[in-house]
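All values derive from a computational prediction rather than experimental measurement.
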Amino acid sequence: WTMFKKSKLRKGIKKCKDEITLLESKRSRSQSAIVQAILEQRDPDEEEVEFFNQYTAKIDEVRNNMYALQRELDNLEYR
């Protein structure tokens, strides 16, 4: 049972890492548009700011889930 649980946790952690990578790449487009606007000394597009904030919130959510899975795995491995 413990081996199955560890395997499931490791898969969950990998899935989280993959999702974070995908979300970060999507967020970078909005980030680039925001930085470009700042460099051009103009207000960034509201839609880009909203996308950036949404992706950032989702990344934080997935990262927190990944940390929880990692803690659970660590608890199983160091018993």
Exercise. Go through the structure and list residues passing salt bridge (charged side-chain N to carboxylate O under 4.0 Å, His left out) with Lys17, not counting sequence neighbours.
Key: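 Per chain and number, Lys17 pairs via salt bridge (charged side-chain N to carboxylate O under 4.0 Å, His left out) with no residue.
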
Quiz item: If you look only at pairs with a residue in residues 25-44, which of them pass as a salt bridge (Lys or Arg N to Asp or Glu O under 4.0 Å), with sequence neighbours excluded?
Solution: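 Applying salt bridge (Lys or Arg N to Asp or Glu O under 4.0 Å) to every pair that reaches into residues 25-44, excluding sequence neighbours, yields Arg29-Glu48, Glu40-Arg42.
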
Practice problem: Identify the two heavy atoms, one from Pro44 and one from Ala37, that lie closest to each other, and give their separation to 0.1 Å. | Solution: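 Smallest heavy-atom distance, with atoms named: CA-CB, 3.6 Å.
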
Quiz item: Are Leu76 and Leu69 connected, step by step, through hydrophobic side chains (Ile, Leu, Val, Met, Phe, Trp, Tyr) whose heavy atoms are closer than 4.5 Å?
Solution: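 Yes; Leu69 is reachable from Leu76 via cluster members.
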
Quiz item: When clusters are formed by joining ILVMFWY residues with side-chain heavy atoms under 4.5 Å apart, either directly or through shared neighbours, do Leu22 and Ile59 land in the same one?
Solution: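 No; tracing contacts between hydrophobic side chains, which count when under 4.5 Å, never links both residues.
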
Exercise. Consider only side-chain N and O atoms of Asp74 and Gln70, and report whether a donor and an acceptor are under 3.5 Å apart.
Key: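 Their side chains do contain a donor-acceptor pair, which is all the 3.5 Å distance test asks for.
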
Self-check item: Heavy-atom neighbours of Lys6 NZ exceed 12 at 6.0 Å
Solution: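 More than 12 heavy atoms, drawn from other residues, nucleotides or ligands, come within 6.0 Å of this atom.
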
Partners meeting side-chain hydrogen bond (donor to acceptor under 3.5 Å, both in side chains) with [X] (sequence neighbours left out):
{"X": "Lys8", "value": "none"}
{"X": "Asn64", "value": "none"}
{"X": "Arg71", "value": "none"}

Taking the side chain as every heavy atom from C-beta outward, state whether [X] and [Y] have any atom pair closer than 4.5 Å.
{"X": "Lys11", "Y": "Ser7", "answer": "yes"}
{"X": "Lys58", "Y": "Val62", "answer": "yes"}
{"X": "Leu39", "Y": "Val35", "answer": "yes"}

Exercise. May I have the step-by-step check of salt bridge (Lys or Arg N to Asp or Glu O under 4.0 Å) for Glu24 and Arg63, ending in yes or no?
Key: CA-CA 11 Å; Glu24 284 176 339; Arg63 189 172 284 134; 3.2 Å; yes

Which value, rounded to the nearest 0.5 Å, describes the distance between [X] atom [atom1] and [Y] atom [atom2]?
{"X": "Leu23", "Y": "Gln54", "atom1": "CG", "atom2": "CD", "answer": "11.5 Å"}
{"X": "Asp60", "Y": "Asn65", "atom1": "CG", "atom2": "CG", "answer": "12.5 Å"}
{"X": "Glu72", "Y": "Lys5", "atom1": "CD", "atom2": "NZ", "answer": "4.0 Å"}

Quiz prompt | Connected hydrophobic set around Val49, excluding itself, where side chains approach under 4.5 Å | solution =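 Joined to Val49, directly or through intermediates: Ile34, Ile38, Phe52.
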
Quiz item: Passes salt bridge (Lys or Arg N to Asp or Glu O under 4.0 Å), Glu77 versus Arg10? Steps please.
Solution: CA-CA 12 Å; Glu77 290 183 338; Arg10 285 189 188 103; 2.5 Å; yes

